[in-house]
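First the structure, in the form of structure tokens, and then the observations on it.
Within every chain, numbering begins at 1; the chains are lettered A, B, ... in the order of the sequence lines, protein sequences first and strands thereafter.
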2 protein chains.
Amino acid sequence: MSFTDNGKDTATRILDAAEVLFVEHGFEATSLRMITQRAAVNLAAVNYHFGSKEVLFQGVISRRLAPYNQECIEELRQALIDAPHGLSVDSIVAAYLRPAIRLAKDPARGGIIFIRLMSRVFAEPHDSLRDMLPRLYSDVLEAYRAALVKALPHLGSHEVSWRLQFAMGTIFYAFAGNDVARLLSQNNVPGARDPQEIVKHLVPFVVAGLTAPNRPA
Amino acid sequence: MSFTDNGKDTATRILDAAEVLFVEHGFEATSLRMITQRAAVNLAAVNYHFGSKEVLFQGVISRRLAPYNQECIEELRQALIDAPHGLSVDSIVAAYLRPAIRLAKDPARGGIIFIRLMSRVFAEPHDSLRDMLPRLYSDVLEAYRAALVKALPHLGSHEVSWRLQFAMGTIFYAFAGNDVARLLSQNNVPGARDPQEIVKHLVPFVVAGLTAPNRPA
DNA sequence: GTCTATAATAAGATAGAC
DNA sequence: GTCTATCTTATTATAGAC
């Protein structure tokens, strides 16, 4: 590993630049030339270090995701220790979002950029990009799904799956920075990009959705 | 207007093909060659009829959206006539989703493909594509926002905006066909692509989210 | 309006010197 | 590991015959 003047090696510089650009422009619209220019490295370095643009994308995700997943699982484990007789839906949602807030505040681990990238991946049309997440993320989801099934015993397992799916959609969409808010011509929601502010309004919505009565008239 | 053997003119054939391909692959990854090949028209026809790929995209959206918007507004107007003293959140959500279900069942107006395309637009990284929707969709949103503000008088206008934003995110995500469901290794949600089935499970979730107490402890 | 042919450009990937 | 130079292939868009 050789180092450049700003203290990061070439592969890391490429990952950092790619992370930002993939969020901003999506996979297809981000060229290797944009990435290497931003990273101030040679064009050929991408293929030397990663082999292809697609593998680079996987690298951008996986470098951050593994430790983050650990944190999510650990957070749930701790919550379960503190309340061994089962968690409320509220505590489950709060536990799920706590690592996200911590990550959002920590630029060294990608910060809000990585949160937004995760949200974006689900919307990537590229099958190979979208399909990498189930593999990388299923452990976390299964853990939280199990907790929810326990917390909502009156709902069937299928209904919990539906609601978890909606909840994930809501959360990812809220963090994606797509600014559905901008749709509203008036009343631009203030603080719509601040993760802490988002979560404050998001938690009641998601908790209420998850705990909704099984079938209103 | 000259017509080909299957009864549709060239511009329409291009729009039909582009609609499907933009949903499937996104804007960037869909080439004019894919479109003209699928439409069985000449490559140059796109630029003759539309001028550019971006204008074509706008054309795909706007041909369907104007009549659909009319329907959404009319649905709300009718509901308000039937209940002149104000609508429940439940009726508002139901009114909003009714045109979507009708459209989803009507392939002649784009069917589920167009619903999914709308959902996808919000996730398009291209600014110029994402930014066309506020202009085209704000009337509908403002109408439903006003109804929600009336139905939820105890919430501030800002809070209603937040929740409408979350609700729209949930709904669009649910229809986008991104299959967050596939994240769950087990328990693949059955019927996850059938609009009627989606709506059945979606309504209680969204209504509960919108009517959540203002700030649970 | 529709076609062929092509211009102009940008993309991902690689070979080979250093 | 890093560079320059280039290959190969794709793209959007257009010019001009019919």
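- OP1 or OP2 of dG1(C) has not a single side-chain nitrogen or oxygen of Thr10(B) nearer than 4.0 Å.
- In this structure, Tyr137(A) contributes its side chain and Leu65(A) its backbone to no donor-acceptor pair below 3.5 Å.
- A salt bridge between Asp127(A) and Arg130(A) is present, with a side-chain N of the basic residue lying under 4.0 Å from a carboxylate O of the acidic one.
- The pair Arg38(A)-Glu24(A) fails the salt-bridge criterion, with no side-chain N (NZ, NE, NH1 or NH2) lying under 4.0 Å from an Asp/Glu carboxylate O.
- Checked by atom type and distance alone, the side chain of Asn69(B) pairs as donor or acceptor with a backbone atom of Leu136(B) at under 3.5 Å.
- Within the structure, salt bridge (Lys or Arg N to Asp or Glu O under 4.0 Å) contacts touching residues 158-169 of chain A (residues at least two apart or in different chains) are Glu159(A)-Arg163(A).
- Side-chain contact between Leu76(B) and Tyr96(B) is absent, with no heavy atoms from C-beta onward closer than 4.5 Å.
- Screening Arg109(A), Arg116(A), Arg63(A) against Glu19(A) for a salt bridge (Lys or Arg N to Asp or Glu O under 4.0 Å) leaves a single residue, Arg63(A).
- In this structure, Phe27(A) has its ring center closer than 6.0 angstrom to the ring center of Phe57(A).
- Taking atom NE2 of residue His49(B) and atom C1' of nucleotide dT14(D), one finds them 15 Å apart after rounding to whole Å.
- Each end of the helix from dG1(C)-dC18(D) to dC18(C)-dG1(D) yields a helix axis from five base pairs, and these two axes differ in direction by 0° (to the nearest 10 degrees).
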Heavy-atom protein contacts under 4.0 Å, nucleotides 3-18 of chain C, coded B base, S sugar-phosphate only, - none = BB------BBBB----

